[in-house]
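Residues take their numbers from the sequence shown, with the count starting at 1.
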Amino acid sequence: PALPVKRSLTPDDVEAEYGIPARTLEDWRSAAKGTAYVKPGKRVLYLREDVEAFLRANVIVTTGRS
């Protein structure tokens with residue numbers, strides 16, 4: 001059987017699954033931008049639904065014209 005999908009992701013998980021470098025996530029956190037995150041104690045976690053909502057909200061549609 002398939003493993004259940006992880007709901008919370010570490011910055012390294014986000015990098016592996018979505019291609020957003022962990023360093024970029026860190027920069028976004030310090031600049032108060034980017035996707036939402038949770039911080040239980042010292043760990044930083046991202047909820048999968050927040051990462052996917054952030055990506056959907058930042059889609060840029062091009063027309064193909066210069």
Side-chain angles (χ1 to χ4, degrees):
L3 294 173
V5 175
K6 287 174 59 176
R7 184 166 179 244
S8 60
L9 306 168
T10 66
D12 289 337
D13 292 335
V14 174
E15 182 170 358
E17 292 193 36
Y18 296 97
I20 303 169
R23 177 63 197 195
T24 298
L25 295 169
E26 183 181 340
D27 290 345
W28 286 349
R29 287 193 309 273
S30 67
K33 64 182 206 178
T35 184
Y37 63 95
V38 295
K39 195 166 182 189
K42 294 185 179 204
R43 294 182 55 184
V44 172
L45 297 172
Y46 294 89
L47 300 180
R48 183 178 301 278
E49 57 264 29
D50 290 339
V51 174
E52 292 180 358
F54 174 77
L55 292 173
R56 280 192 300 278
N58 287 282
V59 170
I60 298 170
V61 179
T62 61
T63 62
R65 291 190 256 172
S66 307

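- Atom CG of L47 sits about 12.0 Å away from atom NZ of K6, to the nearest 0.5 Å.
- Put simply, CG on L9 and CZ on R48 are 4.5 Å apart, with the number rounded to the nearest 0.5 Å.
- Between E49 and E52, the closest side-chain pair of non-hydrogen atoms is not below 4.5 Å.
- For the pair P11 and Y46, the tightest heavy-atom approach, listed with the atom from each and the gap, is CG-CE1, 3.9 Å.
- With salt bridges taken as basic N to acidic carboxylate O contacts below 4.0 Å, none links R23 and E15.
- Clustering ILVMFWY residues whenever any of their side-chain heavy atoms sit less than 4.5 angstrom apart, transitively, puts I20 in a cluster other than the one holding L45.
- Applying the ring pair (Phe, Tyr, Trp, His ring centres under 6.0 Å) criterion to Y18, with sequence neighbours excluded, gives no partner residue.
- Taken together through direct or relayed side-chain contacts under 4.5 Å among Ile, Leu, Val, Met, Phe, Trp and Tyr, L25 and L55 form part of one hydrophobic cluster.
- In this structure, a donor-acceptor pair under 3.5 Å is absent between the side chains of D27 and T24.
- Within the 3.5 Å criterion, the main-chain N or O of D50 finds a donor-acceptor partner in the side chain of T35.
- Nearest heavy-atom pair across W28 and G34 is CE3-CA, 3.7 Å.
- Atom CZ of R43 and atom OG of S8 lie 7.0 Å apart (nearest 0.5 Å).
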